[in-house]
Enquirer: 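This is the structure I want to talk about, given as structure tokens.
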Amino acid sequence: MKNDTYSYDWSDLAFGSKKVLNDLKPIFIAAPRELSEDRFVSLVKQYLPNGNIVLGLAKEEYIEGFNGQPQFRTLQLKPVARIIEKVNKSKSPHKVHTLHYLQREQPFILEKLKLTRAVFINGSWQRSFHLTPSFYVLVNRRVPYELVSPFVSEQEAKDYALNFEKSNKLQPAQNQLYSLSDMFTLVEQASKQSFDHTFQTGAVLGKKTGSKYSLLTAAYNKIVPYQTYAMHHGALRERHFSPPNDLNHYDTVHAEVRLILKAQQQKLSLKNTTMFINLMPCPTCARMLAESDITHFVYQHDHSDGYALKLLEAAGKKVERSALS
């Protein structure tokens with residue numbers, strides 16, 4: 001246990017008594033992505049009148065599965081320490097406690113602690129929440145839970161998206177030739193611009209020159225109407241408890257569609273071009289691409305039982321799975 005009276009480490013509690021936390025009958029805020037001070041204050045004001053708060057803090061710097069991506073950086077103690085100290089020195093009968101843990105330990109924490117409620121900050125997990133181990137623990141234990149925004153207001157959400165776009169714009173050199181491996185490196189870089197925590201798709205358009213490719217443009221699956229919209233309002237798939245390959249509840253414009261739109265805006269010809277993409281196009285995108293002038297598609301991961309492969313080949317396109325997948 002840490003020296004701070006209100007701070008705990010799961011590694012100290014995992015194989016021993018949980019009484020010190022269970023006696024709190026806490027509202028548990030699971031280790032979140034980064035929050036502004038204003039948003040943290042608003043959460044404290046909302047939940048503290050109802051009981052003690054245990055704030056989870058991830059030991060990792062990024063949400064699991066999104067290493068190195070600033071939009072998925074985890075909340076650390078320093079930005080909120082002043083607020084916690086102020087609350088705990090006040091006359092409030094309830095206090096804010098912190099629990100440090102590895103993200104993989106979260107389902108065990110939810111299973112072992114006696115929680116009044118669990119609160120999860122949107123953008124703090126990979127894939128849809130209802131497909132995570134944490135969700136199943138909560139349902140089996142009948143613990144009330146809610147998914148909430150990491151932003152204090154619509155304006156804060158929009159400002160975050162705008163600042164991210166300015167600071168993390170993908171600008172690969174277009175005056176050089178790239179190998180197949182290089183093109184998929186660009187695909188990966190493009191995908192990491194996406195705020196879609198269910199799956200980040202990247203797509204790159206190139207034209208073959210000898211054994212290499214010139215880069216025409218790149219795109220990713222972009223959440224609309226702005227990148228943080230699903231974080232602030234909740235992801236459609238999670239609100240509808242959609243299965244993994246659901247084609248009805250999307251928050252994004254797919255990377256393939258954005259690639260076509262960007263090519264049109266930049267007045268690029270699609271004739272004799274190759275699309276590199278990390279995920280095989282969905283049926284809707286495949287039908288659009290079948291009507292395009294793109295002649296060659298190289299993908300990494302399968303989707304929809306190979307529908308796109310069959311359709312695009314029937315439309316006379318060359319389609320292949322990358323050996324790099």
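Note that the structure is a prediction, hence the values are computed from the model and not measured. Sequential numbering from 1 along the given sequence is applied to the chain's residues.
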Enquirer: Could you give all pairs that pass the side chain to side chain donor-acceptor pair (under 3.5 Å) test and reach residues 130-141, with sequence neighbours left out?
Expert: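 Sorted result for residues 130-141: Q106-S134.
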
Enquirer: Would you find a donor on one side and an acceptor on the other, under 3.5 Å apart, between the side chain of K95 and the backbone of S92?
Expert: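 Yes, K95 side chain to S92 backbone: donor-acceptor pair under 3.5 Å.
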
Enquirer: At what distance, to the nearest 0.5 angstrom, does NZ of K112 lie from CD of E105?
Expert: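 Reported value, rounded in 0.5 Å steps: 13.0 Å.
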
Enquirer: Given the rule in the side chain to side chain contact (heavy atoms under 4.5 Å, CB included) test, do F28 and R117 qualify, once you have shown the distances and angles that lead to the verdict?
Expert: CA-CA 6 Å; F28 179 60; R117 175 172 294 274; over 6 Å; no

Enquirer: Would you call the rings of F129 and F135 parallel, tilted or perpendicular if under 30° counts as parallel and over 60° as perpendicular?
Expert: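 The rings of F129 and F135 stand perpendicular, inter-plane angle above 60°.
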
Enquirer: Rounded to the nearest 0.5 Å, what's the gap from CZ on F184 to OG on S179? Could you check?
Expert: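 Rounded to the nearest 0.5 Å, the CZ-OG separation comes out at 11.0 Å.
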
Enquirer: Side chains of Q126 and E64: do they bring a donor and an acceptor to under 3.5 Å?
Expert: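 The answer is no; no qualifying pair exists.
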
Enquirer: Is there a continuous path of hydrophobic side-chain contacts, each under 4.5 Å between heavy atoms, that joins L309 to M275?
Expert: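 L309 and M275: one cluster.
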
Enquirer: Would you list the pairs meeting salt bridge (charged side-chain N to carboxylate O under 4.0 Å, His left out) in which at least one residue belongs to residues 254-277, sequence neighbours left out?
Expert: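 Every candidate salt bridge (charged side-chain N to carboxylate O under 4.0 Å, His left out) pair involving residues 254-277 fails, so no pair, neighbours aside, qualifies.
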
Enquirer: Counting heavy atoms not belonging to E146, are there more than 12 under 6.0 Å from its CD?
Expert: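 Counting neighbours around CD of E146, more than 12 heavy atoms of other residues, nucleotides or ligands fall under 6.0 Å, so yes.
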
Enquirer: Determine the sole option in H197, R127, H249 for which the side chain to side chain contact (heavy atoms under 4.5 Å, CB included) test with E238 is passed.
Expert: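 Per the side chain to side chain contact (heavy atoms under 4.5 Å, CB included) rule, the option paired with E238 is H197, out of H197, R127, H249.
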
Enquirer: Can you list every salt bridge (charged side-chain N to carboxylate O under 4.0 Å, His left out) pair that touches residues 283-311, not counting sequence neighbours?
Expert: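 Every pair satisfying salt bridge (charged side-chain N to carboxylate O under 4.0 Å, His left out) with a residue in residues 283-311: D302-R321.
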
Enquirer: Let's go through V224 and Y229 carefully: what are the C-alpha distance in whole Å and the side-chain angles of both, what is the deciding distance for side chain to side chain contact (heavy atoms under 4.5 Å, CB included) to 0.1 Å, and is it a yes or a no?
Expert: CA-CA 7 Å; V224 290; Y229 186 85; over 6 Å; no

Enquirer: Is a side-chain donor or acceptor of N52 paired with a backbone partner of H94 at a separation under 3.5 angstrom?
Expert: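 Looks like no, no N/O pair under 3.5 Å.
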
Enquirer: Does the side chain of D196 pick up a donor-acceptor pair with the side chain of T198 at under 3.5 Å?
Expert: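 Result is yes, a qualifying pair exists.
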
Enquirer: Does R33 count as lying over the ring of Y160, i.e. NZ or CZ under 6.0 Å from the six-ring centre, within 45 degrees of the axis?
Expert: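 Cation-pi check for R33 and Y160: passes.
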
Enquirer: I'd like to know if the side chain of T98 pairs up with that of S7 as donor and acceptor (distance under 3.5 Å, no hydrogens or angles considered).
Expert: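 Yes - a donor-acceptor pair under 3.5 Å links their side chains.
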
Enquirer: Treating D251 as the side-chain partner and L236 as the backbone partner, does any N or O pair qualify as donor plus acceptor under 3.5 Å?
Expert: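 At least one qualifying donor-acceptor pair exists.
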
Enquirer: Provide the full list of salt bridge (charged side-chain N to carboxylate O under 4.0 Å, His left out) pairs with a residue in residues 13-22, sequence neighbours left out, each pair given once.
Expert: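 For residues 13-22, and leaving out neighbouring residues, the salt bridge (charged side-chain N to carboxylate O under 4.0 Å, His left out) pairs sorted by first residue read K19-D23.
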
Enquirer: Counting only N and O atoms by type, is there a donor-acceptor contact under 3.5 Å from the side chain of S214 to the main-chain atoms of K207?
Expert: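 Present.
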
Enquirer: Are F195 and F164 an aromatic pair by the rule of ring centers under 6.0 Å?
Expert: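 Here the rings of F164 and F195 have centres that are less than 6.0 Å from each other.
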
Enquirer: Please round to the nearest 0.5 Å and tell me the distance separating atom CG of L113 and atom CG of N22.
Expert: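 L113 atom CG to N22 atom CG measures 5.5 Å (nearest 0.5 Å).
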
Enquirer: Under a single-linkage definition using a 4.5 Å side-chain heavy-atom cutoff for Ile, Leu, Val, Met, Phe, Trp and Tyr, are L99 and I29 assigned to the same hydrophobic cluster?
Expert: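 No; tracing contacts between hydrophobic side chains, which count when under 4.5 Å, never links both residues.
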
Enquirer: Do H232 and E156 have a side chain donor and acceptor closer than 3.5 Å?
Expert: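 Result is no, nothing qualifies.
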
Enquirer: Give the minimum heavy-atom separation between S194 and Q200, together with the two atoms involved.
Expert: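 Between these two residues, the closest heavy atoms are O-NE2, 2.8 Å.
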
Enquirer: With a 4.0 Å cut-off on N to O distance, would you call R82 and E37 a salt bridge?
Expert: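 Yes, charged N to carboxylate O under 4.0 Å.
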
Enquirer: What closest approach, in Å, do G206 and M183 show between heavy atoms, and which atom pair accounts for it?
Expert: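 In terms of heavy atoms, the two residues are closest at CA-CE, 3.8 Å.
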
Enquirer: How far apart are the C-alpha atoms of Q193 and Q69, what are their side-chain angles, what is the distance that settles it, and do they pass the side chain to side chain donor-acceptor pair (under 3.5 Å) test?
Expert: CA-CA 8 Å; Q193 303 295 297; Q69 299 184 47; over 6 Å; no

Enquirer: Would you say N272 and T295 are linked by a side-chain donor-acceptor pair, where the criterion is simply a distance under 3.5 Å?
Expert: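 Not at all, the side chains of T295 and N272 share no donor-acceptor pair under 3.5 Å.
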
Enquirer: Taking the six-membered ring for Trp and the single ring otherwise, decide whether the centroids of Y250 and H254 are under 6.0 Å apart.
Expert: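 When the ring centroids of Y250 and H254 are compared, they turn out to be within the sub-6.0 Å range.
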
Enquirer: Looking only at heavy atoms, what is the nearest atom pair of V298 and S322, with distance?
Expert: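 Between these two residues, the closest heavy atoms are CG1-CB, 3.9 Å.
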
Enquirer: Please answer whether the main-chain N or O of A157 pairs with a side-chain N or O of T228 as donor and acceptor at a distance below 3.5 Å.
Expert: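 At least one qualifying donor-acceptor pair exists.
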
Enquirer: Please evaluate residues E154 and Y226 with respect to the criterion side chain to side chain contact (heavy atoms under 4.5 Å, CB included), reporting the C-alpha separation (whole Å), side-chain torsions for both, the decisive distance (0.1 Å), and the verdict.
Expert: CA-CA 11 Å; E154 188 99 12; Y226 56 87; 2.6 Å; yes

Enquirer: Please determine whether a side-chain nitrogen of the Lys or Arg among K89 and E85 lies less than 4.0 Å from a carboxylate oxygen of the Asp or Glu.
Expert: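 Looking at E85 together with K89, the answer is yes, because their closest N to O distance falls below 4.0 Å.
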
Enquirer: Looking at N122 and P150, would you say the former's side chain and the latter's main chain have a donor-acceptor pair under 3.5 Å?
Expert: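 No; judged by distance alone, with no hydrogens or angles, the pair does not exist.
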
Enquirer: Ignoring hydrogens and geometry, is there a side-chain-to-backbone donor-acceptor pair from Q71 to K192 under 3.5 Å?
Expert: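 Yes; judged by distance alone, with no hydrogens or angles, the pair exists.
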
Enquirer: Once you round to the nearest 0.5 Å, how far does NZ of K318 lie from CG of L312?
Expert: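 It is 14.0 Å, given to the nearest 0.5 Å.
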
Enquirer: I'd like to know if the side chain of N221 and the backbone of A255 have a donor-acceptor N/O pair within less than 3.5 Å.
Expert: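 Not confirmed, N221 side chain does not pair with A255 backbone.
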
Enquirer: Ignoring hydrogens and angles, tell me if any N or O in the side chain of S304 forms a donor-acceptor pair with the backbone of G306 under 3.5 Å.
Expert: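 Pair absent, no side-chain N/O of S304 close to backbone of G306.
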
Enquirer: Decide whether L279 and Y307 are clustered together by the hydrophobic rule: side chain heavy atoms of Ile, Leu, Val, Met, Phe, Trp, Tyr closer than 4.5 Å, transitively.
Expert: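 Not linked; separate clusters.
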
Enquirer: Would you say V44 and L77 are hydrophobically clustered, going by side-chain heavy atoms of ILVMFWY under 4.5 Å?
Expert: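 Yes, same cluster.
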
Enquirer: Could you work out, with ring-ring contact (aromatic ring centres under 6.0 Å, His included) as the rule, every residue matching F40, not counting sequence neighbours?
Expert: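 ring-ring contact (aromatic ring centres under 6.0 Å, His included) check on F40 returns nothing, list empty.
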
Enquirer: Check the pair E165, Q227 against side chain to side chain donor-acceptor pair (under 3.5 Å), reporting the backbone distance first and the verdict last.
Expert: CA-CA 9 Å; E165 188 171 355; Q227 279 267 64; over 6 Å; no

Enquirer: Check F120 against A118 and note the closest heavy-atom contact, atom names and distance.
Expert: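 The pair with the smallest heavy-atom distance is CE1-CB, 3.6 Å.
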
Enquirer: Once you round to the nearest 0.5 Å, how far does CG of L35 lie from CG of L55?
Expert: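 If we round to the nearest 0.5 Å, L35:CG and L55:CG are 8.0 Å apart.
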
Enquirer: Taking all heavy atoms of I27 and all of V119, pick out the closest pair and write down the distance.
Expert: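 Smallest interatomic distance, heavy atoms only, reads CG2-CG2, 4.1 Å.
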
Enquirer: For the residue pair T201 and N278, establish whether any side-chain heavy-atom pair is separated by less than 4.5 Å.
Expert: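 Yes, their side chains come closer than 4.5 Å.
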
Enquirer: Between R39 and S42, is there a side-chain donor-acceptor contact under 3.5 Å, judged purely by atom types and distance?
Expert: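 Distance-only check passes for S42 and R39.
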
Enquirer: Examine distances only and state if a side-chain atom of T185 and a backbone atom of S181 form a donor-acceptor pair shorter than 3.5 Å.
Expert: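 Side chain of T185 to backbone of S181, a donor-acceptor pair under 3.5 Å: yes, one is there.
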
Enquirer: Taking atom CG of L215 and atom CZ of F276, what is their separation to the nearest 0.5 Å?
Expert: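 Nearest 0.5 Å value for the CG-CZ distance: 10.0 Å.
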
Enquirer: Output all residues satisfying side chain to side chain contact (heavy atoms under 4.5 Å, CB included) with S11, sequence neighbours left out; order by chain, then residue number.
Expert: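 Result, side chain to side chain contact (heavy atoms under 4.5 Å, CB included) vs S11: D9, K59.
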
Enquirer: Going through the distances and angles, do T116 and V143 end up as a side chain to side chain contact (heavy atoms under 4.5 Å, CB included)?
Expert: CA-CA 7 Å; T116 302; V143 176; over 6 Å; no

Enquirer: Provide the closest heavy-atom pair for A308 versus M280 in the form atom of the first, atom of the second, distance.
Expert: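 In this case the closest contact between A308 and M280 is CB-CG, 3.6 Å.
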
Enquirer: Quick one: do L75 and I83 end up in the same hydrophobic cluster if we chain Ile, Leu, Val, Met, Phe, Trp and Tyr together by side-chain heavy atoms under 4.5 Å apart?
Expert: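 Yes; tracing contacts between hydrophobic side chains, which count when under 4.5 Å, links both residues.
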
Enquirer: Testing the 3.5 Å rule here: is there a donor-acceptor pair between the side chains of Q76 and T74?
Expert: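 Result is yes, a qualifying pair exists.
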
